[in-house]
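A short write-up of the structure that comes next.
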Amino acid sequence: MKTANTIKEVRETVKEWRKQGLSIGFVPTMGYLHEGHMSLIERAAKENDKVVVSVFVNPTQFGPNEDLDNYPRSLERDTEICEKSGANLVFFPEASEMYFEDKSTSVSVSGLTTLLCGAKRPGHFDGVCLVVSKFFNIVTPDRAYFGEKDAQQLAVIKRFVRDLNFDIEIVGCPIVRECDGLAKSSRNAYLSKEERKSALILSQSLNKAKEALSKGETSANKIKDIIINSLSTEPLAKMDYVEVVDSLSLSPVENINAPILVAIAVYIGKTRLIDNFTY
Ligand code: AMP
């Protein structure tokens with residue numbers, strides 16, 4: 001497996017592979033890799049001849065009061081995990097390699113970003129779309145792999161890929177969870193022992209909602225109430241949002257009669273965690 005810090009090195013490697021007629025899968029990450037990321041890399045390795053992973057804590061997708069400086073980093077461990085999972089090239093750029101100081105171009109997806117994390121983290125998806133579109137132009141993959149854990153991100157990326165005619169297949173991959181149900185996340189590293197226990201309330205609350213849906217509940221408000229009530233039983237949990245939206249348009253629904261996304265964001269102490277399911 002190769003590692004690269006510059007765009008030039010990535011382009012040269014990709015050019016070589018293209019000359020040999022090889023297909024390329026791409027997995028963008030912010031590092032501090034776990035089994036969720038590994039599932040994406042392994043899938044990419046199955047479906048493509050070569051796999052590129054990027055590890056970049058992208059400053060443009062963090063708000064002024066978010067955790068950019070404290071975001072966990074572990075380049076050595078990430079390199080090992082990438083190799084073990086079947087990556088052929090890991091790209092670790094510095095911010096100065098990715099961004100010009102006078103950068104003037106933005107990539108902004110409207111509509112899909114007005115609710116959920118888009119409403120709570122202004123500018124976040126503009127940062128995501130900018131960096132992902134840059135990576136797409138650098139790596140020029142055939143396929144790119146994203147987790148359903150970040151369901152809104154996946155929808156937004158599919159939309160700009162369609163709107164801007166990127167010739168890249170976007171592959172969504174299922175959420176990987178800890179044995180007790182907590183969705184794997186690099187941010188779980190922030191949780192104290194006590195908070196780690198409290199964090200279970202996210203998947204438990206979603207499970208209660210799933211159960212009500214399977215019994216025939218069709219009112220989105222009732223589903224939201226079930227989740228809000230369940231979250232309120234956990235003293236360390238503070239709800240950021242609980243939404244029931246159409247799974248394609250991400251617009252709010254009242255009566256559930258088409259595929260929905262049930263998505264939540266919850267603070268456990270100072271750590272903001274997200275989880276979701278589709279139904
Ligand atoms: P991140 O490093 O958090 O930006 O995530 C990089 C990619 O891994 C994104 O496409 C995430 O959706 C995906 N990912 C993160 N956690 C999980 C998980 N628990 N299961 C599946 N995919 C995940």
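Atoms within each ligand, like the ligands themselves, are counted from 1 in listed order. Keep in mind that this is a model prediction, so the values were computed, not measured. Just the heavy atoms: all of them, side chains too, but no hydrogens, waters or symmetry mates, feed the values below.
Near Pro28, meaning under 4.0 Å from any of its heavy atoms, are these atoms of ligand 1: 6 (C), 7 (C). With ligand atoms numbered from 1 in the order given, ligand 1 contributes 2 (O), 6 (C) to contacts under 4.0 Å with heavy atoms of Thr29. Ligand 1 places these atoms under 4.0 Å from at least one heavy atom of Phe146: 10 (O). Taking every heavy atom of Ile175 and a limit of under 4.0 angstrom, the matching atoms of ligand 1 come to 20 (N), 21 (C). Residue-ligand proximity, Lys184 to ligand 1, at heavy-atom distances under 4.0 Å covers atoms 16 (N), 17 (C), 18 (C), 19 (N).
Inclusion of Val176 in the set of residues having an N or O under 3.5 Å from an N or O of ligand 1 is warranted. When only interatomic distances are considered, the shortest N/O to N/O separation between Ser186 and ligand 1 does not fall below 3.5 Å. At under 3.5 Å, a nitrogen or oxygen of Met30, whether backbone or side chain, sits near a nitrogen or oxygen of ligand 1. Considering backbone and side-chain atoms alike, Ser185 places every N or O at 3.5 Å or more from each N or O of ligand 1. Of the polar atoms of Gly147, at least one N or O is found under 3.5 Å from an N or O of ligand 1, judged by distance alone. Distances between N or O atoms of Asp150 and those of ligand 1 include at least one value under 3.5 Å.
Contacts between Leu40 and ligand 1, counted as non-hydrogen atom pairs separated by less than 4.0 Å, involve the side chain only.
Ion pairing of Lys46 with Glu42 is absent here, as no side-chain N (NZ or NE/NH1/NH2) approaches a carboxylate O to less than 4.0 Å. Under 4.0 Å is where a charged nitrogen must lie from a carboxylate oxygen, and between Glu80 and Lys84 no such pair does.
Other residues, nucleotides and ligands place no more than 12 heavy atoms under 6.0 Å from the OH atom of Tyr32. For Glu194, the CD atom counts as loosely surrounded, since its 6.0 Å shell holds 12 or fewer non-hydrogen atoms of other residues, nucleotides or ligands. When the shell of 6.0 Å around NZ of Lys224 is examined, it contains more than 12 heavy atoms from other residues, nucleotides or ligands.
Ring pair His37/His34 is tilted by interplanar angle, where 30° to 60° counts as tilted. Using a 30° and 60° split on the angle between ring planes, Phe135 and Phe26 fall in the tilted class, from 30° to 60°.
Atom 21 (C) of ligand 1 has Pro174 O, 3.4 Å as its closest protein atom, hydrogens excluded (heavy atom only). For atom 1 (P) of ligand 1, the nearest protein heavy atom (residue, atom name, distance) is His37 NE2, 3.6 Å. When hydrogens are left out, the protein atom nearest atom 15 (C) of ligand 1 is His34 CE1, 3.9 Å; that is the closest non-hydrogen contact.
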| message | What verdict does the side chain to side chain donor-acceptor pair (under 3.5 Å) test give for Asn255 and Thr218, after you've listed the backbone C-alpha separation in whole Å, the side-chain angles of each residue and the deciding distance to 0.1 Å? | response | CA-CA 6 Å; Asn255 291 309; Thr218 56; 5.0 Å; no
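For the side-chain contact (heavy atoms from CB on, under 4.5 Å) with Arg143, the qualifying choice from Ile24, Asn48, Val27, Val51 is Asn48, the only one to do so.
A heavy-atom separation below 4.0 Å is not found between Glu35 and ligand 1.
Note that the OG1 atom of Thr105 and the CG atom of Leu130 stand 8.0 Å from one another [nearest 0.5 Å].
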